[in-house]
Chemist: 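Provided herewith is a single structure, encoded as structure tokens, for subsequent inquiry.
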Protein chains: 2
Amino acid sequence: MKILTAVSSLSALAQESRLQVFRLLIQAGKNGVPAGVIGEKLDLPLSTLSFHLSQLKQAGLVACRREGRTLFYSANYKAMNALMAFLVENCCQGQPDNCTIPAECVPEVKGKQK
Amino acid sequence: MKILTAVSSLSALAQESRLQVFRLLIQAGKNGVPAGVIGEKLDLPLSTLSFHLSQLKQAGLVACRREGRTLFYSANYKAMNALMAFLVENCCQGQPDNCTIPAECVPEVKGKQK
DNA sequence: TTGATATTTCTAGTAATATGAAAATATTAA
DNA sequence: TTAATATTTTCATATTACTAGAAATATCAA
């Protein structure tokens with residue numbers, strides 16, 4: 001990953017409304033959520049939401065597909081994983097105990113089962 | 001983690017020079033690196049670097065300690081892990097295969113050995 | 001083909017952030 | 001103490017980002 005790609009992903013996430021949107025989509029799963037429903041859940045004016053969604057989309061962190069009049073937005077899990085991998089790249093040199101990665105999504109790591 | 005904490009961490013990382021600094025420190029290990037050396041490696045004016053270091057410090061992503069005239073900056077691995085955990089919190093509901101976390105720093109995950 | 005629904009684009013005002021030169025502070029050595 | 005080293009703070013300027021109303025676009029139903 002290029003550093004500027006990472007910067008634009010991080011910039012996209014570095015804003016309260018967008019971070020809320022992204023976490024909502026991460027939790028919603030790959031089917032995604034209609035824009036209107038996101039706006040309702042987060043109580044955002046649709047023009048504002050649309051601006052934020054386009055930032056997230058441009059950064060490659062979310063995708064969207066149309067179904068009828070409705071646009072479903074969904075999280076791009078691969079992009080998120082790539083970003084996290086980039087952030088901690090080579091973090092273990094010499095001291096692997098410093099930087100165990102959060103294991104929320106990795107079954108069977110260090111005795112944690114999910 | 002509160003959402004505003006995450007936003008300030010992400011904002012701190014969402015800038016090219018700061019991201020470079022942070023990754024350099026992640027890779028350097030817990031002893032840290034003197035400010036002057038960081039500036040040299042990244043070819044940044046020291047006043048600019050100092051501004052960025054204070055942003056990273058305020059966000060809790062780096063720490064610093066003095067040794068004589070020299071300030072050593074180092075990455076806060078715990079804060080980084082907490083941030084990553086927050087970003088992907090509850091991401092697995094129903095589809096654990098979507099979101100395997102980057103395993104760079106976790107030995108013995110899915111056959112990857114380090 | 002008209003009206004309703006879902007969402008985006010345009011716009012402009014406001015606010016936040018980045019930069020680097022110059023001056024200031026802290027520490028050590030002579 | 002004076003000078004040198006290491007780093008930060010101050011400051012002005014330039015750039016970028018956020019917000020939400022209003023108008024526009026796309027799709028569907030009658």
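Source: prediction; values computed, not measured. FYI, side chains are in, hydrogens and waters are out, and symmetry mates aren't considered; it's all heavy atoms of this structure.
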Chemist: Check whether any side-chain heavy atom of B:Asn76 lies under 4.5 Å from a side-chain heavy atom of B:Val62, and answer yes or no.
Modeler: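 A side-chain contact is absent here, since even the closest heavy-atom pair is not under 4.5 Å.
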Chemist: When you group the ILVMFWY residues by side-chain heavy-atom contacts below 4.5 Å and let the links chain together, are A:Leu24 and A:Leu46 in the same group?
Modeler: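 As far as the 4.5 Å side-chain criterion goes, A:Leu24 and A:Leu46 are connected within one cluster.
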Chemist: How many whole angstroms separate atom CD of B:Gln20 from atom P of C:dA18?
Modeler: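 So the CD-P distance, B:Gln20 to C:dA18, works out to 14 Å.
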Chemist: Going from OG on A:Ser9 to CG on B:Leu13, what distance comes out if it is rounded to the nearest 0.5 angstrom?
Modeler: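 The OG atom of A:Ser9 sits 12.0 Å away from the CG atom of B:Leu13.
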Chemist: Has the side chain of B:Ser11 got a donor or acceptor atom that lies under 3.5 Å from a matching backbone atom of B:Val7?
Modeler: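 A pair under 3.5 Å: yes.
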Chemist: Can you give me the first and the last nucleotide of DNA chain D (5' to 3') that has an atom within less than 4.0 angstrom of a non-hydrogen atom in chain A?
Modeler: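 Going 5' to 3' along DNA chain D, contacts run D:dC18 to D:dA29.
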Chemist: Using a 4.0 Å cut-off on protein heavy atoms (strictly under), produce a 5'-to-3' string for nucleotides 4-10 of chain C with B for base contact, S for backbone-only sugar-phosphate contact, and - for none.
Modeler: BBSBBB-
Chemist: Should B:Leu44 and B:Leu19 be counted in the same cluster of Ile, Leu, Val, Met, Phe, Trp and Tyr side chains packed under 4.5 Å apart?
Modeler: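 B:Leu44 clusters together with B:Leu19.
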Chemist: How close or far is atom P of C:dT17 from atom CG of B:Leu13, stated in whole angstroms?
Modeler: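 The answer, rounded to whole Å, is 14 Å.
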Chemist: Decide whether a cation-pi geometry holds between A:Arg66 and A:Phe72; the criteria are a distance under 6.0 Å from NZ or CZ to the six-membered ring centre and an angle within 45° of the ring axis.
Modeler: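 A:Arg66 over A:Phe72 ring: no.
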Chemist: With a cut-off of under 6.0 Å to the ring centre and 45° to the axis, is B:Arg65 in cation-pi contact with B:Tyr73?
Modeler: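 No, a cation-pi geometry is absent between B:Arg65 and B:Tyr73.
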Chemist: Salt bridge check, A:Glu16 against A:Arg18: does any charged N sit closer than 4.0 Å to a carboxylate O?
Modeler: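 No, this pair does not count.
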Chemist: On DNA chain D, check which nucleotide each of A:His52 and A:Glu67 is closest to and give me the residue with the more 5' one.
Modeler: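 That would be A:His52.
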